[in-house]
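First the structure, in the form of structure tokens, and then the observations on it.
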Amino acid sequence: MIIALNNKCNLTKEEFLQYKEELNKIKKNVKLILCPSNIYIGFAKVTNIELGAQNVSKTVSGAYTGEVSAAQLKSMGVKYCIVGHSERRKYQYETDEDINKKVKLLLKEGITPIICIGEEKKQRETNSHIEVITKQIKEDLKNLTNEEKEKVIIAYEPIWSIGTGLIPTNYEIKEIVNVIKYHLPNTKVLYGGSANENNIEELREISVIDGYLLGGLSLKPEKLDIFLEKVEN
Ligand code: 13P
């Protein structure tokens, strides 16, 4: 079971240091990956928690002001990197082509990409969600070898579920995870979107899920502890 913590653009330095102490105390009976803001990566190491990033540049190192390259992330001990989060697709206009470039650069550095895919509410309502997901898989992983495809992690995050408290039914999640696994049979798949300590008992019934990508809950160590306790019991 993989649990990735996406802190997004949250926590000041003092808050992060406090948060890190609290994370240190929680039970770690699963594989935990912490993805803090880039500026904290240098001091984000917590015992038994792997280090992840929230984004990477689509270019190699060089004259790209403000960017952070895959090689730089690697040199800081980063083992995982979220790519193509819907917030980046929406606010930073990231395309599937950009995401594909990032995935390849990360793989080259030995960093595991956590590729986010998911449909908008309207796409689900018009029954085009499977088509949307399939297109994202094809384009984000374009020209990857089978071996490389097995190295990435896919996070299914329905956009309408992120931070809203709305969550698809287990049947709906299972349907999408099965579509992903049809195309990528040996690739791990996470679910993300309003997962918390209250709905995990129901979510964990979906046996095809390999883990979760947590946003809001990642910032609340006490509740995260309850989630982790329940996730495998
Ligand atoms: P929430 O858990 O806050 O819904 O966010 C999910 C997410 O976007 C993780 O990447």
Side-chain angles (χ1 to χ4, degrees), residues 1-11 15-16 19 23 26 30-38 40-41 44 49-56 73 78-92 94 99 102-103 106 111-121 123-124 129 132-133 136-137 140 152-170 172-173 176-177 180 188-204 206 209-228 230-231:
M1 185 65 58
I2 303 164
I3 312 288
L5 309 175
N6 179 5
N7 288 170
K8 306 193 178 182
C9 184
N10 288 297
L11 306 174
E15 287 166 347
F16 183 76
Y19 168 75
L23 272 192
I26 65 171
V30 295
K31 186 182 200 49
L32 271 176
I33 303 164
L34 174 62
C35 306
S37 289
N38 268 356
Y40 304 141
I41 277 176
I49 300 187
E50 302 266 20
L51 195 52
Q54 297 176 17
N55 181 38
V56 66
L73 291 179
V78 168
K79 300 273 189 289
Y80 296 83
C81 183
I82 298 170
V83 195
H85 192 283
S86 59
E87 288 150 12
R88 293 202 60 83
R89 292 180 191 253
K90 182 175 176 190
Y91 303 121
Q92 320 301 331
E94 259 181 30
I99 293 158
K102 294 180 180 203
V103 167
L106 288 167
I111 298 174
T112 302
I114 302 176
I115 307 167
C116 299
I117 60 174
E119 82 285 358
E120 288 167 11
K121 185 81 184 152
Q123 292 166 329
R124 180 164 279 277
H129 53 293
V132 169
I133 297 288
Q136 288 174 333
I137 296 171
D140 297 351
V152 310
I153 295 174
I154 302 288
Y156 169 52
E157 297 206 310
I159 297 167
W160 51 277
S161 193
I162 296 175
T164 59
L166 298 171
I167 201 158
T169 63
N170 278 10
E172 289 168 332
I173 296 174
I176 295 291
V177 177
I180 299 168
K188 297 241 180 306
V189 181
L190 314 182
Y191 169 77
S194 295
N196 62 37
E197 76 286 8
N198 299 318
N199 54 32
I200 184 57
E201 277 148 318
E202 188 165 352
L203 282 170
R204 74 178 186 204
I206 313 169
I209 289 181
D210 300 298
Y212 300 89
L213 179 53
L214 306 175
L217 193 73
S218 81
L219 300 166
K220 300 174 192 137
E222 269 178 39
K223 291 185 176 174
L224 177 64
D225 205 17
I226 300 171
F227 180 95
L228 296 175
K230 288 182 178 175
V231 80

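The analysis underlying the following values was restricted to heavy atoms, covering all of them including side chains, and did not include hydrogens, waters or symmetry mates. Whatever order the structure lists ligands and atoms in, that order sets their numbers, starting from 1.
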Looking at Glu15, I want to see if its CD is surrounded by more than 12 non-hydrogen atoms of other residues, nucleotides or ligands under 6.0 Å.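 Yes, CD of Glu15 has more than 12 neighbouring heavy atoms, counting only those of other groups under 6.0 Å.
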Given Leu203, which of Val231, Ile173, Asn196 fulfils the side chain to side chain contact (heavy atoms under 4.5 Å, CB included) condition?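 The option that passes is Ile173.
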For residues 192-203, which residue pairs qualify under salt bridge (Lys or Arg N to Asp or Glu O under 4.0 Å), counting only residues two or more places apart or in two chains?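 Output for this query lists Glu201-Lys230.
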Establish, from distance only, whether the side-chain atoms of Asn7 and Tyr19 form a donor-acceptor pair under 3.5 Å.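 A pair is found: one side chain offers a donor N or O, the other an acceptor, under 3.5 Å apart.
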Between Tyr191 and Gly193 (side chain of the first, backbone of the second, donor and acceptor by atom type, cut-off under 3.5 Å), is there such a pair?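 At least one qualifying donor-acceptor pair exists.
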Between Trp160 and Gln123, is any pair of side-chain heavy atoms under 4.5 Å apart?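 Result no, sub-4.5 Å side-chain heavy-atom pair not found.
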Does ligand 1 have any N/O pairs with the protein under 3.5 Å, and how far apart?
from: ligand 1; atom 1: 2 (O); to: Gly215; atom 2: N; distance (Å): 3.0
from: ligand 1; atom 1: 3 (O); to: Gly216; atom 2: N; distance (Å): 2.8
from: ligand 1; atom 1: 4 (O); to: Gly163; atom 2: N; distance (Å): 2.7
from: ligand 1; atom 1: 4 (O); to: Ser194; atom 2: N; distance (Å): 2.7
from: ligand 1; atom 1: 5 (O); to: Lys8; atom 2: NZ; distance (Å): 3.4
from: ligand 1; atom 1: 8 (O); to: Lys8; atom 2: NZ; distance (Å): 2.8
from: ligand 1; atom 1: 8 (O); to: His85; atom 2: NE2; distance (Å): 2.8
from: ligand 1; atom 1: 8 (O); to: Glu157; atom 2: OE1; distance (Å): 3.4
from: ligand 1; atom 1: 10 (O); to: Asn6; atom 2: ND2; distance (Å): 3.0
from: ligand 1; atom 1: 10 (O); to: His85; atom 2: NE2; distance (Å): 2.9
from: ligand 1; atom 1: 10 (O); to: Glu157; atom 2: OE1; distance (Å): 3.3
from: ligand 1; atom 1: 10 (O); to: Glu157; atom 2: OE2; distance (Å): 3.0

